[in-house]
Structures are given as structure tokens and as C-alpha cells.
*Asks:* 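Sending over a structure as C-alpha cells; questions will come in a sec.
Each ligand, and each atom within it, is numbered from 1 in the order the structure gives. We use all heavy atoms of the structure for the numbers below, so side chains are in, but hydrogens, waters and symmetry mates are not.
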Amino acid sequence: MKKVMVTGAGGFIGSHLVEKLLSRGYDVYAFDNRLLNDCLNLKEMIDHKNLHFFKGDIRNMEDIQNFFQDDAEIIYHLASTVGVRYYMRDPLSLIDITINGTKNIIELCIKKNIKLIFASTSEVYGKNSNVPWKEESDRVLGDPSVDRWCYSSSKALIEHMLFALYRTNKLNFATVRFFNVYGPKQNPIFVVSQSVYRVLNNIPPDIYDGGEQIRCFTYIDDAIDGIIRVGELSKADGKAFNIGNQVPTKIKDIVNLCIKESKKNIEINNINTNDLYGDVYQDIINRIPNCEKAYELLGWKAKIQVNIGIRKTIMWAKENPWYLQQVI
Ligand SMILES: NC(=O)c1ccc[n+]([C@@H]2O[C@H](COP(=O)([O-])OP(=O)(O)OC[C@H]3O[C@@H](n4cnc5c(N)ncnc54)[C@H](O)[C@@H]3O)[C@@H](O)[C@H]2O)c1
């Protein structure tokens, strides 16, 4: 039986990835800094005979060494600080966790000759206005005093290191740049998850500055299909892939869709970011991927339309009261 490792396994994408890998017959070694019982996203899999869970912190080399399996082929590395509110509050966590924690993972992958799949982000393109973005498109960031780019820069720094290590034959890797992934089990602080959580709890959902911003919302099943192809197919080695839906949707439209699919009659709460944050806030108007590379090399493209994805997310939330009852 093939062994794979997953960090950030108790999170949104990690838990779906673990579930899919188990269903594909892998022996899955899962790592998270929370206790297994606290990772409610994994509760359906907790007793699976092929799931081996390790609690630890990627900042701690000893934890990582205890977790690492010498005969594993791949590690999917997802553990990271995720969410603007967390890294605005604690920007140094991006150095400690996303950069130094990943450095620990990289060192062991080099030592044990294990392929590393790194979860990067569409944020690496910054505010490049020339959409759709190809993987080779420029990063456009502007002024370093704008806080939001610290997450983008931490992920991009790791990507630089990975490409350099690959070119010098020290490490095999591939990276996925996710575009607005949504679906069941997501921390309810992102556009879709927050809207579903709030609407089903009869709280008005927020939009920022009228919600005219355009995003490409990617249903979790498509994202998991993408990252697994990147892990399993050698054609992906040494490359970055945009993993995103290619259909652009305005944020206000997706929030309205959450309201409509929930069959609720509820107003939207519009937030003026200039009043709230002043000049330091910067948003991206268009975030659209070009995914031709993933299609040509891996046969991957997003298939699930947003109305179907939102419906599935709402149905799941209604069936899982713990999700709607959590305090955020
Ligand atoms: N969800 C998206 O739309 C999206 C978009 C772009 C990139 N990503 C990337 O995908 C990955 C997964 O994102 P997600 O949405 O599942 O986030 P998530 O917050 O749900 O999951 C992250 C997991 O990492 C764990 N973790 C955090 N710090 C850790 C540490 N020091 N040691 C061990 N575990 C730690 C957390 O406990 C959590 O379970 C992240 O690397 C994120 O940057 C996600």
C-alpha cells in the first residue's frame, strides 16, 4: 500500500484531501497542530484503519521528524497561517509557520528523497491587472507598507526556494496555486463559508465596497482532484499550476446566491473599507486564472458550477449543526 503524508490535515482542504486519499487506497499519515478530537473536519474518518494521525507543529523539527515516513512517496504540505484576520493580527506567524515551518519540511524531503506538493495561492500574483493570469505572469505588489501582501510574499518566497532546489536536483516538488476554494468544512470567515454560516444563522452576510470584485470560486472537489493529479502525475514535477474555476463571478452575486439557495429573506451588510481600515486596505478587483497548463499536462479543469457547489455546501451545513453552532 502506498504511503502519503498530509500536513494541515485537520483543515478545510486537508480533511477533504485525506478523505479522498483514503478512498483511493492510500495509507495516509496526517499531521496537524490540533488534537485529532478537535479536528471536527476529520470526524467521519477518525476510526479508518489507514489513517495515522500525528499532533505536532511544523515549527518544531522534532515533531516533523517523528511524523515523517521514510518510505512515503509524497507529502502534501498544506499547514499554514490562513485567513487575512489571522495574519494581520500576527504577521510574524508567516515567517515562523509558512516560511520556517516549510523549511523544516523541505529539509526532510531532501534528506529522504520525498516529493513535496506545496499549497500556494493565487495571492502570489498580487494586483496584476492583466487577467487571466498564467503561471508565468508577473507578481505585482507595489508598496511594502500594505499589510495584505505579507501572506502572498511568504508563499512566493517558498516557491522561489522550491524552484531553485528543483533546478539543482536537490528536491522533487510541484506547487498548486489555489483560487478561492469553497465548500463544506471551510472555516466560516471567507466569502462563501461566511455567507452560508451567517445566512443559515439568520445573520446578514457582509460584502465589502459593494461586492463588485470578481473572483473565480472553486468547489472543493475540483481543488482536490487538481492537487491529487499534481501529486500523482510526474508531468507535474518541478512546475506550478493554477487550480481554479475559470468562470468569473462578482462577490455580490455569490453572496446573493447563498441567500437564494438558503431560501432566506435577509439583507446584505455592506462594509466601506475606507471607513474601516483607511488607506492601508488594498483589494484586487479581478482575480481570474488561466488553467490551460493544468488541462494540457494533467487533463484537469474545474467542472462544478457555482450554483451546484453552493447548494452542496448549504446542504452539508444544514446536516452538520456543529458547523453552524461554532463560535467565530
Ligand atoms: N482555501 C483556499 O481558498 C486557499 C487558497 C489559496 C491557498 N490556500 C492554501 O491551502 C492550504 C490549506 O488551506 P485551508 O483553506 O485548508 O486552511 P485551514 O486553515 O482550514 O487549514 C490549515 C490547517 O493547518 C493547521 N496548522 C496551522 N499552523 C500549523 C502548524 N504550525 N503546525 C501544524 N499544523 C498547522 C491548522 O490547524 C489547520 O488545520 C494553506 O496552505 C493555504 O495557504 C487555500
*Asks:* Cation over ring, Lys293 on Phe241, under 6.0 Å and within 45°?
*Replies:*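 Cation-pi check for Lys293 and Phe241: passes.
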*Asks:* Please name all residues satisfying salt bridge (Lys or Arg N to Asp or Glu O under 4.0 Å) with Lys103, sequence neighbours left out, ordered by chain then number.
*Replies:*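 Checked Lys103 against salt bridge (Lys or Arg N to Asp or Glu O under 4.0 Å); matches are Glu107.
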*Asks:* Output all residues satisfying salt bridge (Lys or Arg N to Asp or Glu O under 4.0 Å) with Lys312, sequence neighbours left out; order by chain, then residue number.
*Replies:*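 Lys312 satisfies salt bridge (Lys or Arg N to Asp or Glu O under 4.0 Å) with no residue once adjacent residues are dropped.
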*Asks:* Under a 4.0 Å threshold between the charged nitrogen and the carboxylate oxygen, would Glu123 count as salt-bridged to Arg287?
*Replies:*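 Between Glu123 and Arg287 there is a salt bridge, with a charged N closer than 4.0 Å to a carboxylate O.
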*Asks:* Transitive ILVMFWY cluster of Tyr151 at side-chain heavy atoms under 4.5 Å: who else is in it?
*Replies:*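 Val84, Tyr87, Met88, Leu94, all in the cluster of Tyr151.
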*Asks:* For ligand 1, run through the N/O pairs with the protein that fall under 3.5 Å and put one pair on each line.
*Replies:*
residue  : atom   : partner : partner atom : Å
ligand 1 : 3 (O)  : Val181  : N            : 2.9
ligand 1 : 16 (O) : Phe12   : N            : 3.3
ligand 1 : 16 (O) : Ile13   : N            : 2.8
ligand 1 : 20 (O) : Phe12   : N            : 2.8
ligand 1 : 31 (N) : Asp57   : OD1          : 2.9
ligand 1 : 32 (N) : Ile58   : N            : 3.0
ligand 1 : 34 (N) : Asn33   : N            : 3.3
ligand 1 : 37 (O) : Asp32   : OD1          : 2.6
ligand 1 : 37 (O) : Asn33   : OD1          : 2.9
ligand 1 : 37 (O) : Arg34   : NE           : 3.2
ligand 1 : 39 (O) : Gly11   : N            : 3.0
ligand 1 : 39 (O) : Asp32   : OD1          : 3.4
ligand 1 : 39 (O) : Asp32   : OD2          : 2.6
ligand 1 : 39 (O) : Arg34   : NH2          : 2.8
ligand 1 : 41 (O) : Leu78   : O            : 2.8
ligand 1 : 41 (O) : Lys155  : NZ           : 2.8
ligand 1 : 43 (O) : Tyr151  : OH           : 2.6
ligand 1 : 43 (O) : Lys155  : NZ           : 3.0

*Asks:* In plain terms, say whether Asp283 and Arg148 are close enough for a salt bridge, that is, a side-chain N and a carboxylate O under 4.0 Å apart.
*Replies:*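 Arg148 and Asp283: salt-bridged.
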